[in-house]
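Keep in mind the model is a prediction, meaning the values are calculated, not measured. All residue numbers in this chain count up from 1 along the given sequence.
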Amino acid sequence: RQPAGGAPVIPPVQMVDLSAGTNAALGICAALYERERTGRGRVLDVSMLESILPWVGMHLAAHRAGATAAPSAMPLSGRHPFYNVYRAADGGHVALAAIEPIFWADFCRAVERPDLAGQQFAEGPAGERLLEALRALFAARPAAEWAALFRERDLSAEVSVDLDAVLSDPHLRARGTLIAVQHPEEGELVQMASPVRTVPSGAETPEAADRLPPDLAADTRAVLREVLDLDDAAIDNLVSKRAVFGSEVAKPRRIIPDQVP
């Protein structure tokens, strides 16, 4: 979160790229479906800028309504204690996201603080007292205890974990989200399955994404033959002019972990 008066915070992920890619995929699927139904095609215009604007829709609406959209002023950026991050007794962090009143009531019952149930949207001095009460509450137990309680009571809260914990998470493993595959040169690699699971007709479980991705340019020639109907001479010409990479000239490009910013 941007500190008061500070410079904008650099996001740790390419949100615009991912959002635009998702919108492009949705647009392609919709256009293909329309073609199947009507026989007409579509030209898709997918804007990266416009793909990210809905992410700040609440902020734009608040700004147009005359309210401030500054950090800590919006409901999902720290304005209300029921949607915030707290430090646990062992230094870990807990994310509370009990927005809906029914979820807030469940949380208050689970932590044996029914006196807080009616204070969910408290602001001003009352809101500050609620914030301090939650800080003290979460600081009384280590993160592991909070994680167990959240799961046992199915609460809208979770502990913040490191990447090693993500890779070993039993739920993700059971879901088949994280798949270990053996690479002939790199050893074991962990791949992420698509969050959209498809179950083939007649099967009981989704198809497993347990294949290694192809090496750089491994399929260049096959794609050019199939899609553009080029022969070997034409493809060799493109490779020699470096218009495309062939597997014989492409070199693996690896990211060394300690060089990642």
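Cluster annotation: Val111 and Phe103 are assigned to distinct hydrophobic clusters (Ile/Leu/Val/Met/Phe/Trp/Tyr, side-chain heavy-atom contacts under 4.5 Å, transitive).
Inter-residue side-chain proximity for Val85 and Val94 is flagged as unmet; no heavy-atom pair is nearer than 4.5 Å.
The minimum heavy-atom distance between Gly127 and Pro81, with the atom names listed, is O-CG, 3.7 Å. What you find for Gln120 and Pro101 is that their closest heavy atoms are OE1-CA, 3.4 Å. Ala88 and Pro142 get closest at one heavy-atom pair: CB-C, 4.0 Å. Contact detail for Val181 and Leu212: the closest heavy-atom pair is CG2-CD2, 3.4 Å.
Panel note: side chain Arg197, backbone Ser194; a donor-acceptor pair is recorded below 3.5 Å.
Applying the side-chain hydrogen bond (donor to acceptor under 3.5 Å, both in side chains) test to residues at least two apart or on different chains, none of the pairs has a partner in residues 87-97. Annotation: ring-ring contact (aromatic ring centres under 6.0 Å, His included) contacts involving residues 9-48, sequence neighbours excluded, are absent.
Other residues sharing the hydrophobic cluster of Met48, ordered by chain and number and joined by side-chain separations under 4.5 Å: Val13, Met15, Val16, Leu18, Ile52, Trp55. Other cluster members for Leu49: none, since no ILVMFWY side-chain heavy atom sits under 4.5 Å from it.
Dense packing is recorded around CZ of Arg173, with more than 12 heavy atoms of other residues, nucleotides or ligands lying under 6.0 Å away.
Using a 4.0 Å cut-off between charged nitrogen and carboxylate oxygen, Arg129 and Glu132 do not count as a salt-bridge pair. Between Arg225 and Asp219, none of the side-chain N atoms (NZ, or NE/NH1/NH2) sits under 4.0 Å from a carboxylate O, so this pair counts as no salt bridge.
Take Ala105 and apply the side-chain contact (heavy atoms from CB on, under 4.5 Å) test, not counting sequence neighbours, and it matches Arg109. Not counting sequence neighbours, the partners of Phe138 by the ring pair (Phe, Tyr, Trp, His ring centres under 6.0 Å) test are Tyr86, Phe107, Trp146.
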